[in-house]
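Scroll down for the structure; my scribbles are underneath it.
Lettering follows sequence order; numbering is per chain, from 1.
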Amino acid sequence: METSPARGMKDYLPIEAALRDWMLGVILETYTSRGFQRIETPALENLDRLIGSGGGENEKLIFKVLKRGVKLEIAGADENTLADLGLRFDLTVPLARYWAHNQPKLPPVFRAIQIGPVWRAERPQRGRYRQFMQCDIDIVGEPSVLAEMELITVSVEAAARLGVRNPVLRFNDRRFLDSVLDWAGVPSEAGPAVLIALDKLDKIGPQGVLAEVARLELGEKASGNLARFLEESSASEELPMGFFAEIGLDEAVVADMVAIASLSACATLGGTKLVFDPTVIRGMGYYTGPIYELGVAELGFSIGGGGRYDEMLGRFGRPAPACGFSLGFERISLYLHEQGAHGAVGAPQVHLRISSPADYPIALAMADRAVARGVRASIEGTSKKLRAVIRHLLEEREGAVGAPGAWIAVVELSGADLKIHDVTGDCPELSWLRD
RNA sequence: GUGGCCGUAGCUCAGUGGUAGAGCAGGAGGUUGUGACCCUCCCGUCCCGGAUUCGAUUUCCGGCGGUCACCCCA
């Protein structure tokens with residue numbers, strides 16, 4: 001019997017789940033301390049809400065759920081009549097529906113936290129799964145760039161508190177990209193293809209991008225202008241104000257970019273670099289303004305990203321400006337794991353071993369006293385070798401996050417006799433176990 | 001979804017057309033200085049299915065899973 005999880009999905013060992021719980025706690029604490037409020041939405045949405053939501057390529061990757069109840073008529077039916085629900089592929093579309101449904105009960109400017117699994121039927125790879133957790137924060141009702149500034153600073157703070165070192169936040173603006181395409185003379189129907197080519201700049205280089213653009217046969221003028229744009233397209237901490245002026249970029253867009261760039265002076269950003277990167281595109285079709293991605297040098301993919309999607313909420317009947325930032329939980333967990341964080345939260349620990357059920361009550365009393373002191377306590381029989389138990393305890397402590405290096409003691413208890421094994425070599429006096 | 005590589009013990013990996021090995025880990029026991037050392041024994045449908053073959057873990061095909069590159073993205 002095959003026992004591995006379904007393709008692209010994962011089981012988590014206790015030690016892995018503990019790391020995830022710790023991460024979740026840090027993220028929630030960071031977000032709530034900045035005034036964001038947690039909400040929950042269902043994993044399933046009506047299919048017609050997922051399709052046509054502006055999810056771009058992701059709409060092709062929806063896991064569809066068959067109709068249930070009365071017998072399904074399979075023969076001759078297509079998938080659209082057989083399925084009416086789908087697993088969400090992100091948390092933004094559900095949030096838009098949520099806002100439309102609950103807006104009267106929500107604050108005028110709503111700061112939402114949404115943490116949960118999403119599903120995409122992609123071909124799995126490292127750092128890329130078919131079920132993965134996203135940690136979204138969104139601000140609904142704030143039209144100005146203040147919302148982006150808040151999302152970016154808070155998300156970067158969360159990443160820093162998780163132990164992500166030297167991240168880089170690359171930002172761009174959909175309105176700038178539209179403006180570039182317009183200035184270059186790219187017909188609107190060729191826009192998406194040009195953007196896709198542009199997105200590959202870091203992989204295939206300027207020549208590669210130009211080769212792809214040439215294939216689109218946009219004509220001499222547009223190609224030439226795009227080549228000119230590529231010269232200006234190096235990611236940089238300085239905004240190319242001259243180029244902005246040259247293409248006649250709207251002053252309001254320039255002002256927003258200046259505001260975002262100014263965040264590099266903020267304390268909570270710590271060592272995070274903020275760079276303007278004209279090649280940040282992002283696939284979601286629903287973005288309308290600033291867009292951004294958070295990355296680290298060690299990984300070949302981003303650990304977070306987001307943008308403004310002012311038009312999407314209107315699709316659900318209640319128009320409102322909105323933008324969001326999503327942290328990639330699995331990718332950050334992968335990063336932390338590769339940085340050596342293999343373990344659980346390491347609070348001090350007493351492991352009590354008893355050889356007879358008669359000793360359970362007294363062991364329980366000791367465990368209670370330990371717990372009252374903030375010490376984890378577990379009670380177990382002696383069916384396993386002491387050696388194996390100790391080895392496993394030390395293994396779990398290895399690379400622990402939260403309270404790394406906390407002491408561990410194994411206490412063998414038999415009637416009135418206590419034998420204390422100082423597993424970590426630094427455990428304190430445990431006389432309080434008896435009183 | 002397309003293409004490449006890969007899939008042998010819990011882990012890291014050898015190996016072979018005649019049903020399999022090492023190191024570490026685990027289990028049972030012995031010794032003991034009982035969290036050390038040493039000793040004995042145990043632990044594998046060689047991913048699944050089909051084909052070729054007297055015979056396949058080893059070749060071929062298909063599937064499943066992983067990984068890398070596309071694509072896209074958290």
Side-chain angles (χ1 to χ4, degrees), chain A residues 1-11 13 15 20 23 27 55-62 88-92 114-137 155 158-159 162 164 167 170 192-193 195-200 202-204 208 212 280-287 291-296 299-307 324-335 342 351 353 355 382-395 408-412 414 419-425 427:
Chain A
M1 176 113 174
E2 176 59 50
T3 55
S4 63
R7 178 167 220 208
M9 312 209 175
K10 293 189 69 176
D11 288 335
L13 295 172
I15 201 170
R20 295 167 69 80
M23 289 175 61
I27 291 168
E57 291 288 314
N58 291 325
E59 292 181 21
K60 297 177 192 162
L61 306 173
I62 296 172
R88 61 187 178 198
F89 54 79
D90 73 6
L91 297 176
T92 306
Q114 226 193 146
I115 298 177
V118 304
W119 292 265
R120 292 178 197 173
E122 291 187 280
R123 188 142 173 183
Q125 244 178 76
R126 175 170 172 267
R128 177 187 218 182
Y129 311 105
R130 291 186 149 192
Q131 173 180 318
F132 59 97
M133 292 273 282
Q134 283 195 322
C135 303
D136 267 34
I137 47 174
S155 298
L162 287 170
V164 176
R170 294 148 58 232
L195 292 182
I196 287 170
L198 192 55
D199 195 26
K200 297 181 197 167
D202 57 333
K203 282 184 184 171
I204 61 179
E212 291 218 6
V280 169
I281 308 292
R282 301 190 59 75
M284 302 298 186
Y286 48 63
Y287 289 126
I291 45 182
Y292 27 80
E293 284 184 4
L294 189 64
V296 284
L299 298 177
F301 38 72
S302 70
I303 58 170
F325 199 121
S326 180
L327 285 180
F329 194 81
E330 315 300 338
R331 291 178 170 184
I332 293 175
S333 133
L334 181 68
Y335 166 85
H342 297 286
H351 188 73
R353 283 164 65 87
S355 49
T382 51
S383 62
K384 300 296 171 191
K385 280 185 177 168
L386 181 61
R387 185 170 70 109
V389 170
I390 288 176
R391 190 192 55 77
H392 196 76
L393 288 170
L394 284 172
E395 208 169 72
I408 299 173
V410 170
V411 178
E412 289 183 294
S414 179
K419 177 158 190 183
I420 296 174
H421 300 261
D422 182 352
V423 172
T424 48
C427 101

Pair R126(A) + E330(A): basic N to acidic O under 4.0 Å: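 Looking at E330(A) together with R126(A), the answer is no, because their closest N to O distance does not fall below 4.0 Å.
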
Under 4.0 angstrom, heavy atoms only, what part of the nucleic acid is [X] near: base, sugar-phosphate, or nothing?
X       : result
I196(A) : sugar-phosphate
V423(A) : base
D136(A) : nothing
I390(A) : base

Distances under 3.5 Å only, N/O to N/O: pair up the protein atoms with those of nucleotides 66-68 of chain B.
| residue | atom | partner | partner atom | Å |
| --- | --- | --- | --- | --- |
| G66(B) | OP1 | G8(A) | N | 2.7 |
| G66(B) | OP2 | R7(A) | NE | 2.9 |
| C68(B) | OP2 | R126(A) | N | 2.9 |

Taking the [atom1] atom of each, how far is [N] from [M], in whole Å?
N      : M      : atom1 : result
U45(B) : C6(B)  : P     : 24 Å
G23(B) : C61(B) : C1'   : 36 Å
U8(B)  : G4(B)  : C1'   : 22 Å
C46(B) : A20(B) : C1'   : 7 Å
C68(B) : C72(B) : C1'   : 16 Å
G21(B) : G15(B) : C1'   : 7 Å
G49(B) : A14(B) : C1'   : 27 Å
A28(B) : C13(B) : P     : 29 Å

L334(A) CG to F132(A) CZ distance, which is reported to the nearest 0.5 Å: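 Going from the CG atom of L334(A) to the CZ atom of F132(A) covers 14.0 Å.
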
Gap separating the OG atom of S302(A) from the CG atom of L294(A), nearest 0.5 angstrom: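 Answer for the OG-CG pair, S302(A) versus L294(A), is 8.0 Å.
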
Can you tell me if [X] uses its side chain to pair, donor with acceptor, with the backbone of [Y] under 3.5 Å?
X       : Y       : result
Q114(A) : L91(A)  : yes
R88(A)  : V118(A) : no
R353(A) : K384(A) : yes
S326(A) : G306(A) : no

What heavy-atom pair brings [X] and [Y] nearest, and what distance separates the two atoms?
X       : Y       : value
V164(A) : I303(A) : CG1-CD1, 3.9 Å
R331(A) : G127(A) : NE-O, 2.8 Å
Y292(A) : G324(A) : OH-O, 3.0 Å

Could you tell me how far apart [X] ([atom1]) and [N] ([atom2]) are, to the nearest whole angstrom?
X       : N      : atom1 : atom2 : answer
I303(A) : A74(B) : CD1   : P     : 13 Å
L294(A) : A74(B) : CG    : C1'   : 11 Å
L394(A) : A36(B) : CG    : P     : 12 Å
H392(A) : C11(B) : NE2   : C1'   : 14 Å
R130(A) : G65(B) : CZ    : C1'   : 11 Å
L13(A)  : G10(B) : CG    : P     : 14 Å
L386(A) : U34(B) : CG    : C1'   : 8 Å
I15(A)  : C11(B) : CD1   : P     : 15 Å

Side chain to side chain contact (heavy atoms under 4.5 Å, CB included) partners of I196(A), counting only residues at least two apart: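 With sequence neighbours excluded, I196(A) shows a side chain to side chain contact (heavy atoms under 4.5 Å, CB included) to K200(A), given in chain and number order.
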
Phosphate contact (C71(B) OP1 or OP2) by K200(A) side-chain N/O below 4.0 Å: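 For C71(B), OP1 or OP2 has a side-chain N or O of K200(A) closer than 4.0 Å.
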
Might you list the N or O atoms of the protein lying below 3.5 Å from N or O atoms in nucleotides 23-28 of chain B, with each pair's distance?
| residue | atom | partner | partner atom | Å |
| --- | --- | --- | --- | --- |
| A25(B) | O3' | R391(A) | NE | 3.4 |
| G26(B) | OP1 | R391(A) | NE | 2.8 |
| G26(B) | OP1 | R391(A) | NH2 | 3.4 |

Stacking of F329(A) on A74(B) base (centres under 5.5 Å, planes under 30°):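 Here F329(A) fails the 5.5 Å or the 30° condition.
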
Listed partners of E122(A) passing salt bridge (charged side-chain N to carboxylate O under 4.0 Å, His left out), at least two apart: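 Scan of E122(A) (salt bridge (charged side-chain N to carboxylate O under 4.0 Å, His left out), adjacent residues dropped) gives R128(A).
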
Residues forming a salt bridge (charged side-chain N to carboxylate O under 4.0 Å, His left out) with R130(A), sequence neighbours excluded: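 Per chain and number, R130(A) pairs via salt bridge (charged side-chain N to carboxylate O under 4.0 Å, His left out) with no residue.
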
Residue whose closest nucleotide on RNA chain B lies nearer the 5' end, S302(A) versus A121(A):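 Nearer the 5' end of the strand: A121(A).
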
5'-most by nearest nucleotide on RNA chain B - E412(A) or G304(A):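 Here E412(A) is the residue nearer the 5' end.
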
Per-nucleotide pairing state of RNA chain B [Watson-Crick or G-U, under 3.5 Å; [ ] pseudoknot-crossing; | other strand]: (((((((..((((....[..)))).(((((.......)))))....(((((..]....))))))))))))....

